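Reviewing the structure listed below.
Computed over heavy atoms, backbone and side chain alike; hydrogens, waters and symmetry mates excluded. Order of appearance sets the numbers: ligands from 1, and atoms from 1 within every ligand. This is a predicted model, so every value here is computed, not measured.
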Amino acid sequence: MSRYSRITGTGSYLPPRRLTNADLATELASQGVETSDDWIVDRTGIRARHFADPGVCCSDLGVEAARNALQAAGRQASEIDLIIVATSTPDMVFPSAACILQNKLGVAGCPAFDVQAVCSGFVYALTVADAMIKTGAATKALVIGAEVFSRILDFTDRTTCVLFGDGAGAVVLEASDTPGIVATDLHADGKHVGILCVPGHVSGGQVLGNPLLQMDGQAVFKLAVGVLEDAARAVLAKAGRTEADIDWLIPHQANIRIMQSTARKLKLPMDKVIVTVDQHGNTSAASIPLALDSAVRSGRIQKGDTLMLEGVGGGFTWGAVLVDL
Ligand code: ACO
């Protein structure tokens with residue numbers, strides 16, 4: 001009998017501090033940086049984002065999302081035999097956020113590691129967990145996307161600092177006789193490293209290089225809309241399905257205009273697209289599981305629905321996962 005993986009529970013967590021565009025514009029104005037709600041909404045669709053308080057780390061957000069997903073799946077942390085955290089903003093260079101999170105969950109022994117594929121991190125992590133479950137290396141996995149992007153933003157650069165937020169989302173993925181995860185498709189092209197990167201880092205209070213995010217927004221936009229269409233078509237072809245089989249498109253929540261363009265190319269109406277970028281901003285690897293969980297909990301997404309999850313981000317990396325929930 002074939003072995004597959006299936007999502008059995010979802011969870012998410014947002015740090016309580018919420019800033020509307022107007023709140024952010026006021027904070028930035030006090031540092032001489034000018035922006036407005038109109039500009040941000042018009043160019044990105046973002047209206048608000050959450051920022052973690054000082055001292056709150058990736059694993060703190062991730063563990064809350066993980067607990068919520070475990071509860072939804074009716075599982076105890078002690079039953080989990082694989083933990084993968086997708087993040088580009090881990091608590092420290094090492095150990096991984098996954099190891100720190102495992103300890104916060106009060107368990108030990110199962111493998112725990114981070115996946116770093118920036119905004120594609122969650123689709124990468126889900127693909128790895130699916131493969132490990134299919135081979136029998138795991139039976140019940142926690143797959144988490146957790147980010148504190150506020151820590152790597154240059155708040156003097158209005159072209160980037162208005163775009164991102166902090167948060168975490170998680171799923172429990174379990175071995176199953178039926179899919180579940182129907183097909184996956186991942187890609188990377190390292191020649192685009194320069195259009196979206198954080199070239200330096202901070203460790204132990206020492207700054208090495210420039211530790212803040214740099215982006216060529218227009219180049220990212222163009223690349224993203226092309227590869228998202230390609231990944232969607234590739235994963236549908238692998239699954240032997242068509243656009244008409246998609247109940248919900250859950251794209252990486254970077255920018256409403258990128259999502260509209262992807263939906264148009266796939267001939268999907270926007271009411272089949274889960275949009276949370278307006279309330280969360282771009283939370284990188286957390287954006288897809290956050291959007292998934294919010295739509296599951298609001299009752300929009302139902303058991304049995306077919307979901308297309310799509311990520312794109314620095315690297316450049318991109319990919320898609322087709323899921324029967
Ligand atoms: N507030 C007010 N004005 C601003 C702001 C701001 N926050 N940021 C830029 N501007 C100004 C610029 O200075 C410029 O002014 P000028 O014409 O006087 O020089 C003007 O607005 C236009 O700037 P552009 O950079 O050309 O604006 P654009 O229409 O390209 O929008 C944006 C910028 C929103 C970043 C767009 O390029 C984009 O969405 N790119 C995709 C990038 C993205 O989503 N990245 C997320 C990370 S990657 C990922 O997750 C896949």
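- The pair R6-D324 does not meet the salt-bridge criterion, since no charged nitrogen lies less than 4.0 angstrom from a carboxylate oxygen.
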Hey, what polar pairs (N/O, under 3.5 Å) does ligand 1 make with protein?
unit_1, atom_1, unit_2, atom_2, d
ligand 1, 1 (N), T35, OG1, 2.7
ligand 1, 3 (N), W39, NE1, 3.4
ligand 1, 7 (N), T35, OG1, 3.0
ligand 1, 7 (N), R158, O, 2.8
ligand 1, 13 (O), R158, NH2, 3.0
ligand 1, 21 (O), W39, NE1, 3.1
ligand 1, 26 (O), Q218, NE2, 2.8
ligand 1, 27 (O), R43, NH1, 3.2
ligand 1, 29 (O), R43, NH1, 2.5
ligand 1, 30 (O), Q218, NE2, 3.1
ligand 1, 37 (O), G217, O, 3.4
ligand 1, 39 (O), N255, ND2, 2.4
ligand 1, 40 (N), G217, O, 2.9
ligand 1, 50 (O), H252, NE2, 2.8
ligand 1, 50 (O), N282, ND2, 2.9

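- The residue from D305, T306, D271 that alone fulfils the side-chain hydrogen bond (donor to acceptor under 3.5 Å, both in side chains) condition with W248 is D305.
- Between the side chains of R49 and N21, a donor-acceptor pair is found at a separation under 3.5 Å.
- Using a 4.0 Å cut-off between a side-chain N of Lys or Arg and a carboxylate O of Asp or Glu, R17 and E27 qualify as a salt bridge.
- The pair K238-D185 counts as a salt bridge, with a side-chain nitrogen and a carboxylate oxygen less than 4.0 angstrom apart.
- Listed by first then second residue, pairs satisfying salt bridge (Lys or Arg N to Asp or Glu O under 4.0 Å) with a partner in residues 126-143 read D130-K134, not counting sequence neighbours.
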